[in-house]
Each structure stands twice: as structure tokens, then as C-alpha cells.
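Single-structure report; data block below.
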Protein chains: 2
Amino acid sequence: MALRERRETVLRVIIEDYITRAAPIASSAIVEKYGLKVSSATIRNDTAYLEREGYVVRPHRSAGSIPTDKAYRYYVELIGAEIELPRVEQYLVHQISQEAKEELEQWLRTVAALLARLVRNLVVITTPKAVRCRFKHLDLVALQDFMALLIVVLYEAEVRRQVLSFDRKVSQDELTKLANKLTSVYGGMTSSDILAKREKLSSEERQISESLVEIMATQDKLDYGEPYLEGLRLLLGQPEFTNSPRILGILEVLEGEDWLRNIFSQESSRGGVKVVIGDENPEPALQDLSLLASQYGVPDKASGIVGVIGPKRMDYAKVISSLNCFSTLLSDSVAEYI
Amino acid sequence: MALRERRETVLRVIIEDYITRAAPIASSAIVEKYGLKVSSATIRNDTAYLEREGYVVRPHRSAGSIPTDKAYRYYVELIGAEIELPRVEQYLVHQISQEAKEELEQWLRTVAALLARLVRNLVVITTPKAVRCRFKHLDLVALQDFMALLIVVLYEAEVRRQVLSFDRKVSQDELTKLANKLTSVYGGMTSSDILAKREKLSSEERQISESLVEIMATQDKLDYGEPYLEGLRLLLGQPEFTNSPRILGILEVLEGEDWLRNIFSQESSRGGVKVVIGDENPEPALQDLSLLASQYGVPDKASGIVGVIGPKRMDYAKVISSLNCFSTLLSDSVAEYI
DNA sequence: TTTAGCACTCTCCGCTTTTGATTGCTAAAC
DNA sequence: GTTTAGCAATCAAAAGCGGAGAGTGCTAAA
């Protein structure tokens, strides 16, 4: 076995062992566990080299090796796209795609729960969001005397609602007529189209149009749909976070609004799974973690994000293959809604 | 000062001190901090009595006192309804009620966030749910060839949607007619009304009605609307949970589905704030916590729950008054939607 | 280049001691 | 009868110690 080759094997062994055991591994253990045909002293030379090159560190002078961020990055590039989810799990995922998708949100949660169970870490899924939302349908329902509920359906099956109050009492009949008229006039338009369309409008029509534009503009401004987290218990149950005050910082960020944007804004991964390891994350509180995420959806139409958040020490192979699998599942499902 | 009276003061001091400091209090500290006109030895006699009666315990023989569940229960009954939220905070709450309530869900989150900041603990709010849901309005939007989006508006402004697939291509015009017809036929009905109403229906009408009934029946079966948690970081940041494996059990329960029902099923509090302290909770994993919750909404129409979850050592006075304040705020807001 | 051998380093565990906080008890004072 | 002062007793937490064990670094030989 060539020297260069063995060093790579050693690094791989260190990483994979740390992923399962979460503890430093000794040179002798590397030899034994993985049946290498050299002595522990040789491995020590290799780990010394790996340490000089920044792939491993040791908690103290006489301790085993643990991988660095650089090692994980190397490992992720190495395993790359080669991996596929085992049959059993592919079958599980297939099953769930068959399930009745009554409510999109409800279904997304089921999907998130399954993925979380599979990868034993925190999962985030955002609802799919249209790139540029277009108006499809509008509906008005009378509430109390002066009030009505405005329901707006956008392409990609997004539904928004808002309460309007009018200056006068408006009957349900009137409201239905208003709704039908505006639906046929605005059908297929973007918010700027609607804004541009200056027709003579009644006072109520104007008011409704304004709300409509506002709703659509707000929607356009968002980078992502509503994020949904599942499996916090799995993340916090990881040995690196029990008895650690860092979990508070992590929770703080995760409960905030902007962390998803901040992380994924730089560039969208072209097709594959984006991997952010430790220090690569701009958010300091999350630098003990790795985030893996994949976009799903229909290109140029609507897209969402499905991701996994866990300790840097995570089963990248499994998570990447799971994410690939789930993102196609979700894409197929979104395609139906459009 | 009568003896009985002083003992009550001592107990109150112990509780209030523990609420702020989270550590056992010594007899001498009780005297000093609260300027009592007796010696520490006297207080020791009192705490010995309180311990015999089960109001306080001590971590070990020579440690200060900490309150028991019984003490908290006593304390809650004592302060009862006497308390009002300070002016500044009432003003804050008032402010938020003015804010634009575009999306109910969005607004509920804002409310939850404010409440969480105020009480520095985990807040749970469920969306308001109709006691028995009645059909108000229905809408059909064409998606792909054989598919359509069914949008159902129920009284109390609940909106549900579902994707339907038909055996044949149905145009938007047809769908609109179908929607108008069914809306006028079923207006104001409950799911059983609709089920009972056997008219001659076309195949599509029958299919839609079935979906409709299914949606409404599912809705009726639920005890609560969608629960929304805010402020997990505040709960887990409490000193009793740092470095404690119990948080995992708590998270597990909180990420589950049924814990809210299990806790509040017994009896609904008549108007006020329901307080569940420690062991009073049927769920073992939550017995280190206290839950306080209040129903909001319009009686016999729609209601939701707003609650606070924190360590047993929590500022009951503040939380109870906050909950009272917020539940009227939410009730007023729901009243508008009905 | 690899290996055996050995000294060295450092953590972890358990043990003991010390320190300091706090109470329980008793006898005297109010 | 209640309250108090005083003091011994109790206990947790911190600090110190020492040895076992795990593991490496280095050197010299294979």
C-alpha cells in the first residue's frame, strides 16, 4: 500500500470512527478495528503528519486524534455523490410519497419527521415558495357588518388571507361579484402588473387591489417559505451538546428569523446538497454544527429548502444520500401542485 | 406580629426569594434581606414547622430551605386574582393589539414572542378553533388538467385546502359554477348536516362534498388548533435545566402531539388561569415544570389556549397577570374574525 | 520505511482534607 | 410561652493528592 494512500485511509478511519463514537481514537485502535497490516507506531507517524497538515487535532499531548473541519470537508468531497440510500429506506420514503397529501403543510411535517428519524438530527423544511408570485384567484367572504375575509390564491397553490374592513355594509352578493370581477381582470398577473393596471375602480375595488398588491409584494420579498423545524430533541441529545452552554446560543439563533437566509444567501447549490461545515458558517453560534441542505422544487417556478442540522461529527454519507432522496420526493410533490 | 402570621410571611419570603435566586435560603438571610425584627433562631423554628407541614424541604440537613410544590400551590392561591400587570406592560400589550393583523398566524406569533419576552419562559399559543365547525364558503381553482385546489372557508375564519383529482378534465368555468352551487346549498351547515343532505348530485359534486365532510370532520375531532411554541431558549436557559439530562425528556414531550390535550383535558378553567404545578401534571417528564394556561376566544363559538411553561420556580404573579391580559387581548381579536 | 521499546504526558478516578455555610439543640432571657 | 445567644454538629463543595491507565513521542534498530 502506497504511503500516500495509507495516510488517506487512516484519515478516513479517524473520521468514520469519530462519527460513530464521538471520542478520540488511539493509533492502536486504528490498527485493530480496521485490520491494517502495520503497527501502531507507523500509524502514529501518519497521524503526526495529518496533524501537521491540519486534518486532525488532539485534545492534549497524549490523546488520540479527532478530525478537524478541514478533515470533514475533505471527507465530504471524497464521498461526494457516490452514495445511495439503502433499499429499505428508499422504500420508506417511497411509501410516504403515496400518502394522502391533504394539507401541504401537514404533509411536509410528516416528511420532516421521517427524515429526522432517519438521520437522527434536526431537520428544517421550508414550504415551497414561488420565485415571482402570480395571482390566480381571489375570494371574499363576509364576516361582520363592515368586515370581510379576503382569500388570495397564488400560483403554486399558495393561499393567503387577510381581514378587510369597509366604510359601508357590503353584502355577500356584492362581495362575490367583486371577487369574480377582480379574479378575471387580474388572473395570471404579478404584483407589478396589477399595480400598473390603472382602470377605473370603485372605492372597494381599489382597496381590495391594494391589499392584494401588498400581500403579493410581501410574498415576493421573502427568500424562503415558512421554515419548519423537527427533531430538536435529536440534535440536543447528541453527546457534544449535553451539558454544554452552547446549546443556548444555538437555540437562540434557530428561534430567530434570519439564520436560514444568512447561511444560504451566498450561492445556491447547483442541484446537489450544499454542505456548510463548522467555521464555514458565518453565524458564530452555529460553528459547532454542520448544516446540509438541498433545494427542491420546480426550477424557475417554486422552490423550498430541506436541510439537516447536526454536530460536525455526523454521518455525511447517509445525510447526503437522504437529502438527495427527499429533495426529489419533495420536488415531485410540488410539481403536482403547480 | 402573631406567630401564625409570621410563619406565613416566612414562607412567602422563602418562595419569593427562591423564585429570583434559584438557591436555598438561609434563616439568617431571611432576617436580613426582609428586615424582620426577630433573630435567625426564631426563623429556624418557623422553617422547622414549615418543613414538618410539607411546605419546604432542604437539600441536606444543614442547608437552607426551598419551597415544595405544596408551597407553590399555597402561594398561587394566596396571590390569586389580586394582581394586575404594571402599566408599562399593559401599554405594550395594547400597542400590539393595534398592529395590522394581516395574517392571523403571523400575528399570533408576534403575540407569543412578546409574551415570551415578558415572562422569560416558553409560551404556547394555539390557533383559535371553532367548537363545532360550520361551512361558510367554498372555492375551486384549477391546477393541472385533472386536478383542482379545493379551498374551504369555515366560520371563525378557518381556511383549509386540499388537492382534488378528477376523472376528466374540468375547466375553471365549470369549477366556479360547482363552487357557487355548493356554497349556496351548504352555507351555514355542519358536517353532519351536509352528510344528511342527500340530493341528486353529479359525480364531481359528490366527490367534492365528500372531501368537504372529511375536512370538517377532521377539524371537529381536534381539541385544539395548531399549537405554536415560542421561547424554548428562555425555558432551557433557566438554571435548573442547564446541565440536566431532563431537558431531553421535556423536549421529547413538547415535540410530540398529545401533551397539550393530556394536560388540559380534565376540566377547562372557568375563565381564569389554570395552574398546573409540578407533580400535578400527569406527564412525568413535565413534573419539574409548571404550566399556566388560559383559554381565550368567544364562548360557545371558538377558543384557543395561551399558556406559559417554565420551571416550578417561576414568577406566578407576573405570569398570571400577563396571561389574563393576553387572553383578553386575544379574545377581542378573535371576536373580530367571527 | 517500519518497528519495538521505553520514557513521558496527561486525564480520570477515587480518596482525603479543608473550608464555609447553616442548622439543631440547649439553656438562659424576655 | 416565646425568643434568643451560643455552640456543636452536619454536610456540600472545593482543593489537593496519588496512582492507574491510556496513549503518544522519540530513539535506535530492523
Side-chain angles (χ1 to χ4, degrees), chain A residues 1-11 13-15 17-18 21-68 71 239-240 242-244, chain B residues 1-11 13-15 17-18 21-68 71 239-240 242-244:
Chain A
M1 188 187 282
L3 174 128
R4 182 183 179 73
E5 201 182 327
R6 192 189 58 227
R7 281 180 183 162
E8 291 191 341
T9 310
V10 168
L11 178 52
V13 165
I14 290 174
I15 295 169
D17 188 85
Y18 193 70
R21 286 197 321 114
I25 184 169
S27 55
S28 56
I30 296 177
V31 176
E32 279 172 33
K33 280 203 186 170
Y34 297 86
L36 301 185
K37 296 281 174 275
V38 291
S39 81
S40 65
T42 311
I43 302 297
R44 279 202 286 285
N45 289 332
D46 293 339
T47 54
Y49 171 82
L50 291 171
E51 189 176 10
R52 276 197 304 280
E53 295 294 315
Y55 287 104
V56 307
V57 284
R58 281 168 304 127
H60 53 88
R61 241 170 78 80
S62 69
S65 315
I66 61 175
T68 62
E240 31 269 275
T242 47
N243 304 334
S244 161
Chain B
M1 186 188 284
L3 174 125
R4 180 182 180 74
E5 201 182 327
R6 193 189 56 228
R7 282 179 182 162
E8 290 192 341
T9 310
V10 168
L11 178 52
V13 165
I14 291 173
I15 295 169
D17 187 85
Y18 192 70
R21 285 196 321 113
I25 185 168
S27 54
S28 55
I30 296 177
V31 176
E32 279 172 33
K33 281 203 184 167
Y34 297 84
L36 302 184
K37 295 280 174 276
V38 290
S39 81
S40 65
T42 312
I43 301 299
R44 278 201 286 286
N45 289 332
D46 293 339
T47 54
Y49 172 83
L50 291 171
E51 191 178 7
R52 274 197 304 280
E53 297 294 315
Y55 287 104
V56 306
V57 284
R58 280 167 305 126
H60 53 89
R61 259 190 70 159
S62 68
S65 315
I66 61 174
T68 60
E240 31 268 274
T242 50
N243 304 336
S244 161

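Letters A, B, ... are given to chains in the order of the sequence lines, protein chains preceding strands, and every chain is numbered from 1.
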Please give, in whole Å, the distance from [N] [atom2] to [X] [atom1]?
{"X": "B:Arg44", "N": "D:dT10", "atom1": "CZ", "atom2": "P", "value": "16 Å"}
{"X": "A:Ile43", "N": "D:dG25", "atom1": "CD1", "atom2": "C1'", "value": "16 Å"}
{"X": "B:Arg58", "N": "D:dC11", "atom1": "CZ", "atom2": "P", "value": "10 Å"}
{"X": "A:Glu5", "N": "C:dT1", "atom1": "CD", "atom2": "C1'", "value": "16 Å"}
{"X": "B:Asn45", "N": "D:dA5", "atom1": "CG", "atom2": "P", "value": "13 Å"}

* Asked: Hey, which of these two, B:Lys37 or A:Ala26, hits DNA chain D nearer its 5' end, going by closest nucleotide?
  -> B:Lys37
* Structure fact -> Sorted by position of nearest nucleotide on DNA chain D, 5' first, the leading residue of A:Gly64 and B:Ser40 is B:Ser40
Picking from [options], which would you name as closest to the side chain of [X]?
{"X": "A:Ser62", "options": "D:dT3, C:dT23, C:dC10", "result": "C:dC10"}
{"X": "A:Arg6", "options": "C:dT2, D:dT4, D:dT24", "result": "C:dT2"}
{"X": "A:His60", "options": "C:dT11, D:dT24, D:dT10", "result": "C:dT11"}
{"X": "A:Ser39", "options": "D:dA5, C:dT23, C:dT3", "result": "C:dT3"}

* **Heavy-atom pair with the smallest gap, counting every atom of B:Leu36 and B:Ile43** => CD1-CD1, 3.9 Å
* side-chain contact (heavy atoms from CB on, under 4.5 Å) partner of A:Ile25, the single match among A:Thr47, A:Val56, A:Ile14 -> A:Ile14
* Go through the N and O atoms of the side chain of B:Thr42 and the base of D:dT3, and report whether any donor-acceptor pair is under 3.5 Å. => no
* Check whether the side chains of A:Ser65 and A:Arg58 place a donor and an acceptor atom closer than 3.5 Å, and report yes or no. => no
* Any side-chain heavy-atom pair of A:Tyr34 and A:Asp17 under 4.5 Å -> yes
* Sugar-phosphate, base or nothing in reach of B:Ser27, heavy atoms under 4.0 Å -> sugar-phosphate
* Asked: Touch check for B:Arg61, heavy atoms < 4.0 angstrom, all strands: base, sugar-phosphate only, or nothing?
  -> sugar-phosphate
